[in-house]
Amino acid sequence: GDEIVVKMTNLSEFSQTVTLEFAGAAEVSGVSVTTMHSDNPMAENTLEAPDTVVPVTSEIVMEKSTVNGIPSISTRIGGRSFAVYRFRID
């Protein structure tokens with residue numbers, strides 16, 4: 001199968017539900033996400049504090065469904081987060 005990479009940013013302080021549709025894909029599987037998050041929108045890494053904002057990668061289980069016969073997946077992205085989703089497509 002192929003891989004699709006989706007990058008999302010949520011600048012809001014609130015988490016958001018996102019639904020992605022994969023037209024032309026028979027199956028979506030093997031989802032991983034790498035997230036960077038901080039409650040402080042001004043947070044930054046420095047030489048004195050290099051781990052203030054660090055990427056966290058995990059395998060996730062997402063709600064799968066179809067919308068008009070198109071495979072789709074719903075997930076939530078946390079507030080003040082940047083996320084990179086990797087989907088295996090069959």
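Worth saying up front: this structure is predicted, and the values here are computed from it rather than measured.
Here the CD1 atom belonging to Ile77 is positioned 6.0 Å from the CE atom belonging to Met8, to the nearest 0.5 angstrom. Considering CD of Glu21 and OG of Ser74, their distance stands at 9.5 Å, rounded to 0.5 Å. In this structure, Phe82 CZ and Leu11 CG are separated by 11.0 Å, a value rounded to the nearest 0.5 Å. Interatomic distance, CZ of Arg80 versus OG1 of Thr9, reported as 14.0 Å (0.5 Å rounding).
Taking Ile, Leu, Val, Met, Phe, Trp and Tyr as hydrophobic and joining them when side-chain heavy atoms fall under 4.5 Å apart, one finds Phe14 isolated, its cluster having no other members. Through chains of ILVMFWY side-chain contacts below 4.5 Å, Val53 is grouped with Met36. Side-chain heavy-atom separations under 4.5 angstrom define the hydrophobic clusters, and Leu47 shares its cluster with no other residue.
Ser72 and Thr19 share no side-chain donor-acceptor pair at under 3.5 Å.
Listed by chain and number, the residues in a side chain to side chain donor-acceptor pair (under 3.5 Å) with Ser15 are Arg76 (sequence neighbours excluded). Legend: residues meeting side-chain contact (heavy atoms from CB on, under 4.5 Å) with Asn40, ordered by chain and number and at least two apart, are Ser38, Met42, Ala43. Judged as a side-chain contact (heavy atoms from CB on, under 4.5 Å), and not counting sequence neighbours, the contacts of Ala49 are Thr46, Thr52. Every side-chain contact (heavy atoms from CB on, under 4.5 Å) that Val5 has, sequence neighbours left out, goes to Glu3, Lys7, Val84, Arg86. Listed by chain and number, the residues in a side chain to side chain donor-acceptor pair (under 3.5 Å) with Thr57 are Thr34 (sequence neighbours excluded). Scored by the side chain to side chain donor-acceptor pair (under 3.5 Å) test, Ser12 finds no partners at all (sequence neighbours excluded). For Asp39, the side chain to side chain donor-acceptor pair (under 3.5 Å) test picks out His37, with sequence neighbours left out. When the side-chain contact (heavy atoms from CB on, under 4.5 Å) test is applied to Phe22, the partners found at least two apart in sequence or on another chain are Ile4, Leu20, Ala25, Val28, Ile73, Phe87, Ile89.
Counting only distance, with no hydrogens or angles, the side chain of Asn10 and the backbone of Gly78 share a donor-acceptor pair below 3.5 Å.
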